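All of these numbers come straight from a predicted model, not from anything done at the bench.
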Amino acid sequence: MTHTDADAVGGRLVRDIRLDFPAFASSGHDRPTAYLDSAATSQRPTAVLDAERDYLEHHLAAVHRGASAATGESTTLFEDGRADVARFVGVGDREIVWAQNATDALNMVALGIADASAGIGGRDAARFALQPGDEIVLTEAEHHANLLPWQRVAQRTGARIVPVRVDEHGVWSIDDLAAVLTERTRIVAFAEVSNVTGMIAPVAEIAEIAHRHGSFVVLDACQSVPHRPVDFAAYGVDFAAFSAHKMLGPNGIGVLYGREELLDALPPARTGGSTITKVTLEEAHFLPAPHRFEAGTQAVSQAIGLAAAVRYLEGIGMDAVAAHEEAFAARVVDGVAALPGVRIVGPQPGERRAGLVSVSVDGVHAHDVGQFLDEAGIVVRVGHHCAQPLHRALGITATTRASAHVYTTADEADRFVSTLGEVRGFFGLAREAS
Ligand code: PMP
């Protein structure tokens, strides 16, 4: 393996970073598997696995319940984890709500808004109420997690989904979005980084114009928080969602961010134990955020593992992580651009994109491409990536995506490109590509 600039992240060599990840321990083969599917789920460093194990072995007790010293210690670890996550995204501790994953977090916002529209949550929640004919602006590139919950809101309230259309490469601009905003726009929801195109949206600028129209701004930060520096407070968004398992953390936990005054007014989508101040047989009064949203027993060891992931990423530095992954994407895009019959989805060569690249190979289904790559020891994601409207707009049913994280090497980018270059030849489509 040759080492180039692309093989260092900040001050550390990728080769050394890989030693932090048990998944990359020597497999005994000359050529280890190239794991290029971090946008789906990332590998976890020992620091995360150890943090969870240490909690489970030495500190496990209920949180926010009872008066024992053990409970107090467990609660402190749990809440310290929340503080780590809050710092990582530039917000206050009370603005971080634990969810199961990003999908769950986005549903919490949408269902809260649907409830508010039905009169639940009283006067405080009335600011969220949608009327028939109100407009929810979404881009055509959204992941289903940031589309289906809004369809449900539209069904319940009579609001309308207004799409921001993508161009022939699957990207959209702030002007495209601004053009569909009206005085009826109540919600603008979009991903900071598309999980298919790798396009990076100008979040702060969009939040500003959406707010000028009196709209709430909901950010799907699932592909940005794990890979680049973000600051939700500086962005000025109202809500944001992300998942731990894409940022070197555990499964089973995600985050909903909301501005404090909004979270305190949004009806909790799920109700039950640990969310209340007073309960009678007829009604309940809810705690302020974040606890009003955290019904039932929480994913405590996962929260502690996520906090360890955050500290690990902070140790490397998110600017360095973003630069490393953008270099990966540029290397892949430049290589793929030279391959006949392979179409690059999203920003084109020379244009800025996050660390993932989706391609479509003329005449070969993405599943066949994926299998060919798999046989060469390269793990990618194939399919519609939970973004059917985007693929429909592009006139294709599926793409093949390679994505990076801190542990991805330049050699892996090159292996992806060279193996992709053999696909059409293998399927008898182009001799020059074999
Ligand atoms: N949004 C985007 C942009 C994503 O990439 C994903 C995961 N593929 C999600 C939302 C949903 O994340 P999760 O499945 O962890 O809830």
**OP:** Give a yes or no on whether the backbone of Q388 and the side-chain of H144 come within a donor-acceptor separation of less than 3.5 Å.
**Re:** yes
Original post:
Can you tell me if H64 and E79 form a side-chain donor-acceptor pair at under 3.5 Å?
Top reply: yes
Original post:
What do the steps show when you test F293 against F286 for side chain to side chain contact (heavy atoms under 4.5 Å, CB included), and what is the final call?
Top reply: CA-CA 9 Å; F293 294 100; F286 293 97; over 6 Å; no
**OP:** Please check if the side chain of E142 supplies one atom and the backbone of A191 the other of a donor-acceptor pair under 3.5 Å.
**Re:** yes
Original post:
Is there a donor-acceptor contact under 3.5 Å from the side chain of R353 to the main chain of T197?
Top reply: yes
Original post:
So, the side chain of E412 versus the backbone of T409: is there a donor-acceptor pair under 3.5 Å, distance only?
Top reply: yes
**OP:** Check for a donor-acceptor pair, side chain of K246 on one end and backbone N or O of A40 on the other, with a separation under 3.5 Å.
**Re:** yes
**OP:** May I have the step-by-step check of side chain to side chain contact (heavy atoms under 4.5 Å, CB included) for V153 and Q151, ending in yes or no?
**Re:** CA-CA 5 Å; V153 173; Q151 291 177 348; over 6 Å; no
**OP:** Using a strict cut-off of less than 4.0 Å between a Lys/Arg side-chain nitrogen and an Asp/Glu carboxylate oxygen, indicate whether R228 and E326 qualify as a salt bridge.
**Re:** yes
Original post:
Would you call R87 and E314 a salt bridge, taking side-chain N to carboxylate O under 4.0 Å as the test?
Top reply: yes
Original post:
Any side-chain donor paired with an acceptor under 3.5 Å for S68 and T71?
Top reply: yes
Original post:
How far apart are the C-alpha atoms of I161 and V137, what are their side-chain angles, what is the distance that settles it, and do they pass the side chain to side chain contact (heavy atoms under 4.5 Å, CB included) test?
Top reply: CA-CA 6 Å; I161 300 221; V137 170; over 6 Å; no
Subject >> side-chain hydrogen bond (donor to acceptor under 3.5 Å, both in side chains), paired with N251, selected from R44, Q100, Q302 >> reply: R44
Original post:
Hey, are Y407 and S42 close enough side-chain-wise for a donor-acceptor pair under 3.5 Å?
Top reply: no
**OP:** Looking only at non-hydrogen atoms, find the nearest pair between L394 and G170 and report the distance.
**Re:** CD2-N, 3.5 Å
Original post:
Does atom CZ of R127 have more than 12 heavy-atom neighbours from other groups under 6.0 Å away?
Top reply: yes
Original post:
Any luck finding a side-chain donor-acceptor pair between D238 and H211 under 3.5 Å?
Top reply: yes
Subject >> Salt bridge present between R15 and D7 (N-O < 4.0 angstrom) >> reply: no
**OP:** Could you verify whether a donor N or O on one side chain and an acceptor N or O on the other, from H391 and T399, lie under 3.5 Å apart?
**Re:** yes
Original post:
Distance under 6.0 Å and angle within 45° of the ring axis: does R18 meet both against F24?
Top reply: yes
Original post:
Can a salt bridge be assigned to the pair R82 and D93 using a cut-off of 4.0 Å between side-chain N and carboxylate O?
Top reply: no
Original post:
Going by atom types only, do T41 and H245 share a side-chain donor-acceptor pair under 3.5 Å?
Top reply: yes
Subject >> Salt-bridge contact D264-R259 (side-chain N to carboxylate O under 4.0 Å) >> reply: no
**OP:** Apply salt bridge (charged side-chain N to carboxylate O under 4.0 Å, His left out) to R311 and D84, showing your working.
**Re:** CA-CA 7 Å; R311 294 192 300 272; D84 284 339; 2.6 Å; yes
Original post:
Would you say the side chains of T182 and E135 form a donor-acceptor pair under 3.5 Å?
Top reply: yes
Subject >> Short side-chain donor-acceptor distance under 3.5 Å, H384 and T397 >> reply: no
Original post:
Parallel under 30°, tilted from 30 to 60°, perpendicular over 60°: which one fits the rings of F232 and F242?
Top reply: tilted
Original post:
Hey, what do you get for CD1 (I304) to CG (L60), rounding to the nearest 0.5 Å?
Top reply: 9.0 Å
